[in-house]
Amino acid sequence: MTGLSWSMGFDSITPGNVKSLDPPGFDVNLSKDLSIVPTTDKKKDVGMLQRKQQALYARATSHVKNVGFMCFMAWMSGNGIQIFSILMTFNLLSAPISAILGSGKMFPKEEDWPQLDVLMPRLLFCAIQLGQLLFGLYKLDGMGLLPVYPSDWISTMAVPASLERSFSSLS
């Protein structure tokens with residue numbers, strides 16, 4: 001078997017002659033990235049705007065399951081004053097506050113799409129988080145840790161009568 005020698009003449013290649021460097025079967029029209037090319041078609045722009053708006057609403061409502069699960073777990077932990085229920089209640093209160101404060105990073109205003117409405121999805125997200133916060137306050141009230149009586153604030157007022165009493169069983 002004799003060795004085949006391959007050779008290519010680089011003399012015919014000039015910097016302006018780019019088409020000679022394309023491999024066989026290469027189609028320039030298929031290789032163009034259409035996402036980079038700006039579209040002038042208004043129908044495509046409206047479709048992209050609608051998809052971006054739907055994505056914002058999907059991001060806003062994606063936390064509904066998490067909020068529902070947290071509320072269910074808090075309800076299952078009961079109203080007793082134990083470390084687990086106190087930590088769960090703290091999480092019920094702190095998570096929505098930090099989520100509402102960080103909603104600006106979650107729903108940024110895009111410079112490329114000034115007509116994109118980010119206010120309504122952000123308000124929807126904040127309303128969902130406020131639902132968890134309200135449930136956390138309800139849980140605090142059920143545990144008796146929320147100061148709702150005037151005697152909780154003023155020491156000269158009489159403390160209301162307790163609704164329950166416990167006695168030891170040893171006589």
Side-chain angles (χ1 to χ4, degrees), residues 29-167 169:
N29 294 329
L30 294 177
S31 68
K32 290 182 182 175
D33 190 6
L34 298 177
S35 63
I36 298 174
V37 178
T39 59
T40 57
D41 190 10
K42 290 293 182 185
K43 190 180 237 184
K44 289 183 181 178
D45 286 345
V46 170
M48 181 62 94
L49 179 68
Q50 288 174 349
R51 285 193 299 275
K52 284 188 173 282
Q53 195 70 41
Q54 286 175 350
L56 282 175
Y57 276 106
R59 188 182 309 162
T61 57
S62 66
H63 288 266
V64 172
K65 291 178 184 176
N66 295 342
V67 169
F69 182 72
M70 286 296 295
C71 292
F72 176 73
M73 287 296 295
W75 176 72
M76 289 297 288
S77 69
N79 287 338
I81 311 258
Q82 292 95 13
I83 189 71
F84 180 72
S85 59
I86 289 174
L87 288 176
M88 184 62 106
T89 306
F90 174 74
N91 195 16
L92 273 175
L93 297 173
S94 66
I97 291 171
S98 64
I100 289 171
L101 291 176
S103 66
K105 293 176 186 172
M106 191 169 182
F107 298 99
K109 187 74 174 168
E110 293 186 26
E111 293 86 19
D112 299 339
W113 297 90
Q115 66 271 27
L116 192 64
D117 180 28
V118 296
L119 180 65
M120 291 308 290
R122 186 175 177 185
L123 288 176
L124 178 63
F125 175 77
C126 292
I128 291 168
Q129 296 299 323
L130 280 175
Q132 181 176 344
L133 184 69
L134 288 174
F135 189 81
L137 291 174
Y138 170 75
K139 178 92 171 139
L140 273 180
D141 183 47
M143 292 171 73
L145 298 176
L146 193 64
V148 292
Y149 298 110
S151 63
D152 294 334
W153 299 97
I154 302 170
S155 63
T156 57
M157 294 189 77
V159 178
S162 63
L163 299 176
E164 297 178 1
R165 293 185 186 262
S166 68
F167 299 100
S169 63

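Values below: every heavy atom of this structure, side chains too, minus hydrogens, waters and symmetry copies.
- Residues Leu124 and Tyr57 share a closest heavy-atom pair of CD2-CD2, 4.0 Å.
- For the side chain to side chain contact (heavy atoms under 4.5 Å, CB included) with Gln132, the lone residue among Leu92, Ile97, Leu93 that qualifies is Leu92.
- The two residues Ala95 and Gln129 have their closest heavy-atom pair at O-OE1, 4.4 Å.
- Side-chain atoms of Ser85 come within 3.5 Å of backbone N or O of Gly80 as a donor-acceptor pair.
- The distance from the CE atom of Met143 to the CD atom of Gln82 is 7.5 Å, given to the nearest 0.5 Å.
- Heavy atoms only, all atoms of each residue included: Lys139 and Ala74 are closest at NZ-O, 2.9 Å.
- One finds the CE atom of Met73 at 8.0 Å from the CE atom of Met76 (value rounded to the nearest 0.5 Å).
- Put simply, CG on Leu130 and CG on Leu123 are 10.0 Å apart, with the number rounded to the nearest 0.5 Å.
- In terms of heavy atoms, Leu146 sits closest to Leu137 at CD2-O, 3.8 Å.
- The 12-atom threshold is not exceeded at CZ of Phe72, counting heavy atoms of other residues, nucleotides or ligands nearer than 6.0 Å.
- Residues in residues 97-109 take part in these side chain to side chain donor-acceptor pair (under 3.5 Å) pairs, two or more places apart or across chains: Ser103-Arg122.
- Distance check, rounded to the nearest 0.5 Å: CE of Met157 to CG of Asp152 gives 10.0 Å.
- Remark: the backbone N or O of Phe107 is not paired with any side-chain donor or acceptor of Arg59 at under 3.5 angstrom.
- Atoms CD1 and CG, from Ile128 and Asn66 in turn, are 10.5 Å apart once rounded to the nearest 0.5 Å.
- Taking CZ from Phe125 and NE2 from His63, the interatomic distance works out to 4.5 Å, rounded to the nearest 0.5 Å.
- When each of Leu140, Thr89, Asn79 is tested with Leu145 by the rule side chain to side chain contact (heavy atoms under 4.5 Å, CB included), just one qualifies, namely Leu140.
- Contact detail for Ser151 and Ala158: the closest heavy-atom pair is CB-O, 3.5 Å.
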